[in-house]
Structures are given as C-alpha cells and as structure tokens.
Amino acid sequence: MHYFSTRNNTLRTTLSEAILSGLAPDGGLFIPDHFPRIDINDFSNDLTYPAFAAKVLAPYCKNDPLEVHLSEICKNAFTFPLPLKPLNDTDFVLELFHGPTLSFKDVGARFLAESLQILGQKMTILVATSGDTGSAVASAFYHKKNINVIILYPKGKISTRQEHQITCWGDNILALAVDGTFDDCQALVKEAFQNTWWNEHYHLSSANSINIGRLLPQTTYYAYHSVLFYRKYHAAPGFIIPTGNLGHATAAYWAKMMGFPIREIVVATNANQTISDYLKTGEFKPRPSVSTLANAMDVGNPSNFERLSYLYPIFNKFRKNVKSVSVSDEEIKKTIKKVYDNTGMIICPHTATAFFAREEFAAAPFIMVSTADPCKFEEIIEPLIGHPVPIAAGMKHMLETPAVRQVVNANLEDIQALMMQFLPDLL
Ligand SMILES: *Cc1c(COP(=O)(O)O)cnc(C)c1O
C-alpha cells in the first residue's frame, strides 16, 4: 500500500513516512492509494477489539516497517472499552470516551504515539488544540522516549477541567496557554512548520487529524460496530458524527469504502457551518471559527474536507453521500436538557449535536457517536439539568495531580525560549 497527497497523486510515499511527516510536502493530506475491500466473514464476533482493529488496518501497513508491530501497537493503544448502547429499537449510542482523557481523541492519539515510538525518530510534536486533542496527545506521549510535545491552547477559551487535563503532565510535555484565539494557535503551528530553523533543529511533526496515523485507527470503531450491529440486528446502521475538522467522519467514510456495513453517514456540526453551506451552495468557503459550547468542534476551515472531497470530487456525488446538520448553541442546550429529562442520560455539548441531528431523520437505525465524557463540561451541563455530573475515575485522578498554567504571548520566539527552558534536550 502506498499513500499520496490529495493535491498530487504522483507524490507517493509509505505509511511510516506519511506518519512521520504529518503533512504532504505540497501542503496536501496523505490518503491511501486504494481502499482494500473486506469480506465480512473474515471478521468473527469473538475477536478482541485490538485483534479486530489489527485485521482492519493490516492492508494499510502492508510492506511497511510498522507491519510486524501492528498487533502490538493495537494492543497497547486500544486498552479501553468502546461500548455501543441501545436507547430503543432505532437509536443507539456509541461511547468513545472511556479512554485516559475521556474523549475519542485517545483512540487516534494513542495509536499515533505507539507508532512513532516504534519508528524511533527524535522529534518534537507541535499541536494547536481547542480542547481535547491537547490532553489526548499529552497522555499518549507522556514519557515516550526521544519525543517532545508542545501544546498550544487559547487562554481562557477551554473548560477548566480540559485545561487541567492538558497542564498536569510535565517531563516531555510542555503546555502553553497562548494569549490569543485558537486560530492564533493554529497560525503559530503553521509558522513553525514553515520556519526552516525550527524544522531543522526540532524535526517537527503534527498530531492533529491531518496526520494519517490518527485517522486510520479511527476507522476501526466504525468497522467493529457496523459488523457487530449488522450481525445482531440484520441491518446496516447509519452513523451520526459530531464533527469539527471532519477527522473521524472521514474515517467513517473510509470504513464504508472498505465495504463495512454502513448505510449512511451524517455529520453534525455546531454553529460553524462551513460544510452545511457547502452542501447548500456547492461552494466551499472557509471562514474564521466562532466560539460555541461544543468547543472541540469550533473549526471554520475543516482540514479534512480535502480528504472527503477526494472521495467525492463531483459535487452531486458529495451531496448524495454526505448529509449534514448544523446545530446552534441554543439547540445544544435544549437537547442536553431534553435527553436528560427523557432518559436520565447526561450527554456532552458535542454529543448533543448528534442527538439534535437525529430528529431530522426517519426511523431507520442510527448510531449516534458520543465523543466526550460529560464531566469535562460540567460548567455548561450542570445549570441545564440542575444535577451534578458524576466525575469519571480518570478525571478525578487528573484533578488530583497538580497543574501549572504557563501563559505565553502569541509569538514563536517566546515559545522557543520556554521550550529550551522546560523540555528535555533531544539533540
Ligand atoms: C475533536 C472532537 C470532535 C470533532 O472531531 P473531528 O475529528 O475534528 O471532526 C467532536 N467532539 C469532541 C468531544 C472532540 O474532542
């Protein structure tokens, strides 16, 4: 299997190289040169999740240095449950938030960290985060040898508990509260990547969902649950996916391309409605992000659009395959309250977009993807439901670990100074 850039299909490379570099040299995103077709009978019900995942991913690692390590990577990365829970005959919830930092981002971040550790190159991972990526990457890379991590997040724009989860590490993890917006953080990352001096001295790589090493592992939960669902209910489910950068939604399309029984895919966004507008007008117009209650989805220029439109280059085909619903903060609040009142279930603001979107579709079976533990967003949820949100054990543990908030101006020189002061020397 080879990988090429969404902008140039002659720029071919291996999986390891694609993972190490993050972004293709021409600024495009790496995609596999084909999607292997599966036979559902090869995936028996009694496979463990890591074994199932390794089987899904095996063709993508063919003839790559990672191939012989794939089972071990999956075993080390996928250490937590990803349960599917029925609500009624047609509605199901897939909980992806039982990992160490309580969001689905643990799945991709842990797979990426295990893979990079095996590839053994000294490097600095630089990430901008509007919330959950930072903690998932910090947790996944903590104490990994020869890899430093710098996390930039916008000061005062993420929840208190999200911030604690990002700043409680130390060792090879440096978390910086940037005096600016998420877009400023992202601009700093881009600037560093374009800066030759930074690149030469620190071997920069990215752990955002532009990195295919985060995207591929996310195909596995769609694959796994579509197969189990199909066997149990004799129908292919639809998935409704809370979306920001279109990362794990793209992973769902890849699972569908492989032949896993997925009927349809709906992407739910918050008030950042670039995708919904594209579906209406056929014009893709990126814009600055707006802050919403579902902060991990505050993206105005979803980078994985490039991967998704590679699958459906003709607008009519894109529109046939991609459905989207944009959900306002008001609707998010109402949905959290309504779901709690009707079922007793507490959902996070991101997950609420999927629950809201569900109502726009008929009675076919749908799996709503639940992306974060509500206890990360208790400041939003508790006033709505009038009830404390139970704290997950993993969160309790992190809140008891002391955290240090370090503020930095939005410029590269100041970040560099802190990096030299606090991070282990890789040279
Ligand atoms: C990152 C995130 C999303 C959006 O995922 P994308 O892959 O960027 O589309 C949704 N919900 C939560 C809780 C997240 O952390």
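Counting starts at 1 for both ligands and their atoms, following the listed order.
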For this session: Establish, yes or no, whether a centroid distance under 6.0 Å links the rings of Y222 and F260.
Result: no
Exercise. Are F229 and F92 near enough that their ring centres are under 6.0 Å apart?
Worked result: yes
Problem set entry | Modelled atom types, side-chain donor and acceptor of N301 and T274, under 3.5 Å | no
Exercise. For atom NZ of K144, is the number of surrounding heavy atoms from other residues, nucleotides or ligands below 6.0 Å larger than 12?
Worked result: yes
Problem set entry | Within 45° cone and under 6.0 Å: R263 NZ/CZ vs F366 ring | yes
Identify the protein atoms, limited to N or O, that lie within less than 3.5 Å of an N or O atom of ligand 1, and list each pair with its distance to 0.1 Å.
| from | atom 1 | to | atom 2 | distance (Å) |
| --- | --- | --- | --- | --- |
| ligand 1 | 7 (O) | G247 | N | 3.1 |
| ligand 1 | 7 (O) | H248 | N | 3.0 |
| ligand 1 | 8 (O) | N245 | N | 2.9 |
| ligand 1 | 9 (O) | G244 | N | 2.8 |
| ligand 1 | 9 (O) | N245 | N | 3.3 |
| ligand 1 | 9 (O) | L246 | N | 3.1 |
| ligand 1 | 9 (O) | G247 | N | 3.4 |
| ligand 1 | 11 (N) | T371 | OG1 | 2.9 |
| ligand 1 | 15 (O) | K105 | NZ | 2.5 |
| ligand 1 | 15 (O) | D132 | OD2 | 2.7 |

Problem set entry | Any residue meeting side-chain contact (heavy atoms from CB on, under 4.5 Å) with H143, in chain and number order, not counting sequence neighbours | D171
